[in-house]
Amino acid sequence: MENCCEGAGNFFGRQKNTNIRVSLPAVCFVWQIAMIILFGVFVRYNYESDVREWIEFKHSHNLTSDIENDFYFRYPSFQDVHVMIFVGFGFLMTFLKRYSFSGVGFNFLIAAFGVQWALLMQGWFHSLDPITGKIYIGVENLINADFCVASSLIAYGAILGKVSPVQLMVVALFGVTLFAVEEYIILNLLHCRDAGGSMTIHTFGGYYGLAITRVLYRPNLHQSKRLNGSVYYSDVFAMIGTLFLWMFWPSFNSAITEHGDGQHRAVINTYLSLAASVLTAVAISSMSQKRGKLDMVHIQNATLAGGVAIGTAAEFMITPYGSLIVGFCSGIISTFGYMFFTPFLEKYFKLQDTCGIHNLHAVPGMLGGFVGAIVAASASVDVYGREGLIKTFAFEGDFATRSVLTQGGYQAAGTCVAIAFGLVGGALVGFILKFPIWGDPADDNCYDDEVYWEVPEDEETIPPVLEYNNHMIHKHHDISESNFSVEQS
Amino acid sequence: MENCCEGAGNFFGRQKNTNIRVSLPAVCFVWQIAMIILFGVFVRYNYESDVREWIEFKHSHNLTSDIENDFYFRYPSFQDVHVMIFVGFGFLMTFLKRYSFSGVGFNFLIAAFGVQWALLMQGWFHSLDPITGKIYIGVENLINADFCVASSLIAYGAILGKVSPVQLMVVALFGVTLFAVEEYIILNLLHCRDAGGSMTIHTFGGYYGLAITRVLYRPNLHQSKRLNGSVYYSDVFAMIGTLFLWMFWPSFNSAITEHGDGQHRAVINTYLSLAASVLTAVAISSMSQKRGKLDMVHIQNATLAGGVAIGTAAEFMITPYGSLIVGFCSGIISTFGYMFFTPFLEKYFKLQDTCGIHNLHAVPGMLGGFVGAIVAASASVDVYGREGLIKTFAFEGDFATRSVLTQGGYQAAGTCVAIAFGLVGGALVGFILKFPIWGDPADDNCYDDEVYWEVPEDEETIPPVLEYNNHMIHKHHDISESNFSVEQS
Amino acid sequence: MENCCEGAGNFFGRQKNTNIRVSLPAVCFVWQIAMIILFGVFVRYNYESDVREWIEFKHSHNLTSDIENDFYFRYPSFQDVHVMIFVGFGFLMTFLKRYSFSGVGFNFLIAAFGVQWALLMQGWFHSLDPITGKIYIGVENLINADFCVASSLIAYGAILGKVSPVQLMVVALFGVTLFAVEEYIILNLLHCRDAGGSMTIHTFGGYYGLAITRVLYRPNLHQSKRLNGSVYYSDVFAMIGTLFLWMFWPSFNSAITEHGDGQHRAVINTYLSLAASVLTAVAISSMSQKRGKLDMVHIQNATLAGGVAIGTAAEFMITPYGSLIVGFCSGIISTFGYMFFTPFLEKYFKLQDTCGIHNLHAVPGMLGGFVGAIVAASASVDVYGREGLIKTFAFEGDFATRSVLTQGGYQAAGTCVAIAFGLVGGALVGFILKFPIWGDPADDNCYDDEVYWEVPEDEETIPPVLEYNNHMIHKHHDISESNFSVEQS
């Protein structure tokens, strides 16, 4: 029976060639060499990381202490964000029973490529010196590169288990490119504020991933159903990802906000919003199940919705209880999403969203964008002070005369730009990924590390099983022997 | 046989209703809504996180740099403490073979609720502005909220596996309330110093949990004995918790000490004390077992005793070798506790202490309190300098004339207050938890995630077994076929 | 058959006595007491962690803010390095199927001892006050102690699974001692720069471990072959180690560099080098396997080579693309090492290198040393500025007139000193470890936690198996019953 099943699997999957022995090394080498050349042409240290320029800067600004170097304002937050990108996202995606290597490993690969490409793309749009034609980088650029790559990792969540690492490299290449453009439009042209990237990262990343998975729809994905689920320990591993994301989200939302009160306030708001979303996620999860049992999917994901939804407004004067309300609502919406929207979208819109990024990123991100718009529109001199209003919303230069109401309108528009970029860009990338050259797995071979990894053979298996193995064989013998004896008697 | 066993289980446990589908969501929603209302009435940003006030403060104090914002002194420590609370405590409690979801998940739930309630309770006692009637919060309040909740998480360790999440919410509600009161008495009225919370957090939390578990004594807990132990991988998961607690303990003990030398010294003392307790815990563990084998319970827990015991004295001039001595002794005491006290207390005092918090928190905490008293009493102008003595012990205002000997006496008294609050408060909460409405598990159903979680069914099981499964079935076939052939022949 | 095998194992291994019930506690107690005495005689707080002296320093230097305390420049990096030492190295060594307790646990033990001994040894060589005869410690000493111990943990990688914890304590004792001497020669006498310790930590630690494992060569190690490999979840655990090492490596290489631009630049260079080595490690790994499948050994280790190889040059003006090139090459070399050098060295040089430290530390470290020499030799006033050149290479005092070319020569010489110290010191320590008193395991008993740990019995096994167990038994019954019926018919 099983050999037969397997044979059938091979038969249906025969047209799929998952051999990536040429394509993956080729992509890695060519792109890495391209990075080296482009960095050689364009990227230099900025004045805070260049020994000559920092000494000159200190002299010219009469600085007596190195503590004014932006490094000391942002480096702790940078490291927290770095942990979110590699351990947070990586381990959150280990929850499948046989896809933990790919979850954490491919996340590692595409993030490591993505940050390099992001330094270039964001550099060209934001930090290019018009005179020298160089991009000058410092710690804030490293944070932004991590942010940029986060949107592609979100997209990976939707297609987890159904694509090859080569396809993921393509997702990251285009994801970073599209991100840099939409970020430029939202932050520079529309002059939106988006500290934690509710719009630019989560909304864009969410819809980007959803569009890709829609185009890559697999009608026969049920053939891999046996592997599309968790086991006990894979769920515990995923909690490592959840907790590091949850704990460091205040750093994420405050990493590039204004020095001083800006970073301080973004941390408080995010901390509170996250705490509230834990309680409502637990409440809805418990309400939905027989005997009030909790569902690990909700705990692993919906508890984070508060961090996404407060992203844009985190640096604003949303007030502590305002943050709690945002977390309260987003926890509910996200958990409902896992219960109802995901099955609905799969059934009626052919959206196969492995991690449910629709509920954790797309919708809470969109919510965060509109919350940001409302909070911006209702900002007042009374609360912010005149100087504070200018500082918080950067009403300077061309935007010196913008009113808070206009700002609110542009914030809302920015959210729509993020959605549009995600959907159109994702559809485009989806079609590119349909070329039969990328080594993606067959429908009955999804969610399986065996396709792209040398998985340990476990001949001897893990010890409890080994012991039991012997045990069973003995039992077996007993029974069959007794059979024999019965027969012989 | 098995169905029979299960039937018997159901029979004995029939009076217990573990359905929390109404109570858990109700508690989460009502309490979260209460938090929103109370935050709306009471909580505001402090002058360092409010854009208007920080700008005014900088102007009025002629500050040129944002680096003077307390955020930059405390935020890295805050994030480390945050990791200890959620990953440290959470993963430390994954060691049971079938209670990892609850260990890390319920820790997450009650900590997320507890920090909100702590911001209010501690705010009312410590930061309430008498004129405006508001609580103004900043990063130090977030750290204190994390500290406050730690005492309830310690108490969770004693009752791990034997209570429902609704009961844990009650433990956190009262734990935080009691903490705020005893902290007010110890720090404000008695004017003790307790940087790392040996008294306020560990002694109180330890005895609070012990009193609760004493009141909730289950004479038939042996019916769940099969699940009250670890397996190989659950022990490895628990080491994640141990190590993050161990590594970040210097941040815990220094997070709210004086800027500059205070934080610096607290880190050095904690680092040294922890290092010493690892060696003595290993030594005693090895001495106690056949062939010198180490016991994971000791390595996971007693290695941390140095951090607990140096808590109060960490900011004092205890000297580096003094810190080593504290760690040396606490490692020994704690390991002996796991070997002798825990079984003794269970047998003669009906104390069922799942994680052994008696040995990791109650006793080392008490030790830390008295070490702090002795070190305070022996402080001298010679060592601290006059200004340093005032700064270290806050001999200001009403306490300007207090001598170090008196201070030592008050420190010792503070430890006793913490014990008393723990025991009385815990007994009270224990009786509340005995009402048959909280959905706690039956005696033969403890330490089991199945009661409160949708646990993955593992039909196909983890892969080694899967493979083996096929293998067995084939063998099976062979044998039964051979049976057939024998029969047919 | 199995009992027979086991009997044979006992027979061959009978001469080995792994009882460490006296030796391990004795070593722990004696050495810890020695630490307390030596700290009592020698170690004091430095002026930044002593309350009296810090107040005086602030007065005498007219400092208004505590932020100038070195604590605030280095503490976040210190905590990151601390995580690398205990979780990074610890979990990286959990990859073996039945040696996870020892991997993470013994790492914990020897690191906790090693940092104490390192504070003394490095103190005597670097921070001893000639007048008072005391060592004054602060946060930079804690970082250096962590660094120092890293070299012994690297050596542990080579002998993982083949030595007793008592032997490991000896490895750490001599490792720290040798490190302090070679570091003194390299940094002080040769006046090399080595921010991230490519030479002092990785080259020395790598060759130290390789020399030890060569002397301890076991011709019959194949008897433990069944346990010298990973299983699925042990590989996922190891990824925790890999990622925390990878993420925090920028902190490692920048932790003790110059304030300001020095720390800033070291972070950027390390970040880039690491990113590049991920891509080339993946590329080579994929090229080497049938169907392009990735090998977890490469992903867990070779991705880190970029951090090792940029260690020395991280603080220099190597330029961003220079860092990418270093990462590019080291990722390739390291992965090739795992594929070819390790088997080659084992076959022809009798080097049994469990973790492949030759490929992750020895060779990339040596590469890093020579890269540092070249970058130093090509430094120019044009790029660094005159003041910057003096600051970066500490051309002060006796070395005020040294040219960059000479500096480059000394850097190369420093690398050779590190190799020599590693090889000679390791051989020496290896011979000491050959005395038959240390309780090391027999050849057929290596890589097994059972030897030194109370391993949970798993009688009931983990639940999926339990459930499946029942299932199988039922199936079994069905079949045997059907057999009966066939027979009866």
Side-chain angles (χ1 to χ4, degrees), chain B residues 2 67-68 73 76 80 97-98 226 229-233 235-236 239 243 246-248 251 259-261 263-265 267-268 271 275-276 278-280 282-283 286-287 289 291-296 299 317 320-321 324-325 328 384-385 387-388 391-392 458 461-463 465 472 476 480 483 487, chain C residues 19-21 24-25 28-29 32 35-36 39-40 43 45 48-52 54-55 65-67 69 71 75-76 79 82-83 86-87 90 94 100-101 104-105 108-109 112-113 115-116 137-139 142 232-233 237 452-456 458 460 462-465 467-468 470 479 483 486-487:
Chain B
E2 270 129 37
I67 199 86
E68 292 296 326
F73 288 87
D80 294 347
K97 65 183 80 168
R98 281 305 272 180
R226 71 195 182 286
S230 64
V231 287
Y232 195 70
Y233 285 126
D235 269 331
V236 182
M239 281 304 292
L243 288 176
W246 194 91
M247 295 180 305
F248 288 159
S251 294
H259 289 175
D261 65 284
Q263 289 191 278
H264 206 145
R265 190 168 55 253
V267 162
I268 295 172
Y271 178 92
V278 173
L279 268 85
T280 51
V282 167
S286 175
M287 276 172 68
Q289 302 277 349
R291 309 186 58 73
K293 291 187 182 190
L294 298 171
D295 188 329
M296 258 291 168
I299 308 304
M317 296 284 289
Y321 66 91
L324 287 179
I325 294 170
F328 187 91
Y384 290 76
E387 210 178 323
K391 188 182 163 202
T392 306
D458 297 335
T461 81
I462 47 172
V465 183
M472 278 302 289
H476 213 130
S480 33
N483 273 354
E487 285 156 44
Chain C
N19 191 333
I20 50 171
R21 193 170 178 178
L24 183 58
C28 288
F29 271 123
Q32 187 58 56
M35 289 301 112
I36 292 174
F39 270 65
V43 181
Y45 304 119
E48 293 182 305
S49 53
D50 183 295
V51 63
R52 178 177 196 147
W54 177 244
I55 289 172
S65 167
D66 287 306
I67 200 85
N69 196 305
F71 181 80
Y75 189 63
Q79 276 294 9
H82 219 40
V83 172
F86 290 89
V87 161
T94 59
S100 303
F101 285 12
V104 71
F108 190 19
L109 170 64
F113 163 68
V115 293
Q116 299 178 53
I137 62 170
V139 66
L142 303 188
Y232 195 69
Y233 286 127
F237 276 117
Y452 304 114
W453 295 85
E454 295 284 326
V455 177
D458 297 337
E460 303 212 79
I462 46 172
V465 182
E467 204 159 285
Y468 157 66
N470 301 345
I479 294 170
N483 274 354
V486 168
E487 284 156 47

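Predicted model only: the values in this text are computed from it and were never measured.
The two residues C:G138 and B:I268 have their closest heavy-atom pair at CA-CD1, 3.9 Å. Across every non-hydrogen atom of B:M247 and C:Q79, the tightest pair is O-OE1, 3.1 Å. Here the closest non-hydrogen pair linking C:V51 and B:G388 is CG2-CA, 3.6 Å.
Ring to ring, C:W54 and B:H259 are not that close: their centroids are 6.0 angstrom or more apart. Taking the six-membered ring where the residue is Trp, the centroids of C:F101 and C:Y452 are separated by 6.0 Å or more.
For the set C:S100, C:G105, C:P76, the count of heavy-atom pairs under 4.5 angstrom toward chain B peaks at C:S100. Heavy-atom pairs under 4.5 Å with chain C peak, among B:L294, B:I67, B:V278, at B:L294. Heavy-atom pairs under 4.5 Å with chain B peak, among C:T94, C:N69, C:I137, C:L109, at C:N69. Counting heavy-atom pairs under 4.5 Å between each of B:D295, B:T280, B:I299 and chain C puts B:I299 at the top. For chain B, the option among C:F39, C:F29, C:F71 with the highest count of heavy-atom pairs below 4.5 Å is C:F71.
If you measure heavy-atom distances from C:L142 to chain B, the contacts under 4.5 Å come from both the backbone and the side chain. Looking at B:S286, the atoms closer than 4.5 Å to chain C (heavy atoms on both sides) sit in the backbone and in the side chain alike. In this structure, chain B has a heavy atom under 4.5 Å from the side chain of C:Q116, while its backbone stays farther away. Both the backbone and the side chain of B:F73 have a heavy atom closer than 4.5 Å to some heavy atom of chain C. Proximity to chain C is limited to the side chain of B:E68, based on heavy atoms less than 4.5 angstrom apart. With a 4.5 angstrom heavy-atom cutoff, B:Y271 touches chain C only via side-chain atoms.
Not counting sequence neighbours, the partners of C:D66 by the salt bridge (charged side-chain N to carboxylate O under 4.0 Å, His left out) test are C:K58.
By the 30° and 60° cut-offs, the orientation of the rings of C:F86 relative to B:W246 is tilted.
Of the possible polar contacts, none joining the C:H82 side chain to the B:F248 backbone as a donor-acceptor pair under 3.5 Å is found.
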